[in-house]
Amino acid sequence: MVEAITATYVQEDADWTITVSGHGKELTARAPGIIAARDRADQLVEQLGDGGKTTVVHLLNGSALDFTSAYMTARLTLPKLPPLEVPPPGGVPKQQTSEQAPASTEKKPVLPPSKQLPKAVEDRKASAGPVPAETKTPAKRARA
């Protein structure tokens, strides 16, 4: 007849005490958290086992349902993460500061960094002055 091995869990603050009993032996260990306690219980079962297939009943407060509920809650609960910050639409990217903005007296639209001209090109444009307007002459008629 196959004897079931019983793993009993007791919570003490954040730590757990595990007692595994079966085959006339009893082993005890501690672990930080129920997931680590379940892993430690498997190690203790291997020490007790006779090398064959074993059946283990995990109990919390004398109930397998309580253990399963606590264990699955711990396994499926996501860690607490800080909320994501979403910038307002049309806002200035954090990489661009007022120090990086061109020191021009006229207002220019802010372009994304990928569309901005290199500083050397901007300097040449500023020193060249305004571009003269083109004068158009009427086209000459072609001779027939």
Side-chain angles (χ1 to χ4, degrees), residues 1-140:
M1 178 171 175
V2 176
E3 179 185 350
I5 296 176
T6 305
T8 306
Y9 299 80
V10 177
Q11 185 175 10
E12 298 172 2
D13 296 323
D15 292 338
W16 291 78
T17 301
I18 313 105
T19 304
V20 176
S21 57
H23 303 299
K25 300 177 193 171
E26 186 172 285
L27 300 174
T28 303
R30 292 181 60 87
I34 194 165
I35 296 171
R38 173 66 169 79
D39 291 340
R40 185 68 178 116
D42 287 343
Q43 295 169 355
L44 295 175
V45 167
E46 286 179 17
Q47 291 176 9
L48 283 181
D50 55 2
K53 186 170 175 128
T54 57
T55 301
V56 182
V57 178
H58 299 271
L59 301 174
L60 174 62
N61 301 325
S63 169
L65 181 60
D66 286 353
F67 171 79
T68 302
S69 176
Y71 179 73
M72 293 308 292
T73 299
R75 293 291 292 197
L76 298 175
T77 302
L78 296 175
K80 295 201 179 211
L81 299 174
L84 294 175
E85 289 186 29
V86 178
V92 178
K94 287 185 177 181
Q95 295 89 355
Q96 184 173 357
T97 62
S98 61
E99 300 163 359
Q100 294 174 342
S104 174
T105 56
E106 59 186 62
K107 294 280 184 180
K108 293 183 182 178
V110 178
L111 298 174
S114 63
K115 302 288 183 184
Q116 294 177 359
L117 293 173
K119 184 161 176 40
V121 174
E122 286 289 336
D123 290 342
R124 271 189 268 140
K125 281 177 61 179
S127 65
V131 177
E134 291 183 28
T135 56
K136 294 206 174 201
T137 56
K140 294 183 182 180

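Just so you know, these numbers come straight off a predicted model, no measurement behind them.
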- line: Rounded to the nearest 0.5 angstrom, the OG1-CG distance for T8 and N61 is 10.5 Å
- prompt: Between CG of D42 and CD of Q47, what distance do you get to the nearest 0.5 Å?
  reply: 11.5 Å
statement: Taking every heavy atom of V57 against every heavy atom of A4, the minimum-distance pair comes out as CG2-CB, 4.4 Å
- prompt: Can you list the residues that meet the side chain to side chain contact (heavy atoms under 4.5 Å, CB included) rule with T73, with sequence neighbours excluded?
  reply: S69, T77
- prompt: Taking Y9 as the fixed residue, which of L60, D66, L59 is the one that meets the side-chain contact (heavy atoms from CB on, under 4.5 Å) rule?
  reply: L60
Donor-acceptor contacts under 3.5 Å from residues 16-29 side chains, at least two apart:
| residue | atom | partner | partner atom | Å |
| --- | --- | --- | --- | --- |
| T17 | OG1 | E12 | OE2 | 3.4 |
| T17 | OG1 | R30 | NH1 | 3.1 |

- prompt: Can you name the nearest heavy-atom pair linking A70 to I34, along with the distance?
  reply: CB-CD1, 3.8 Å
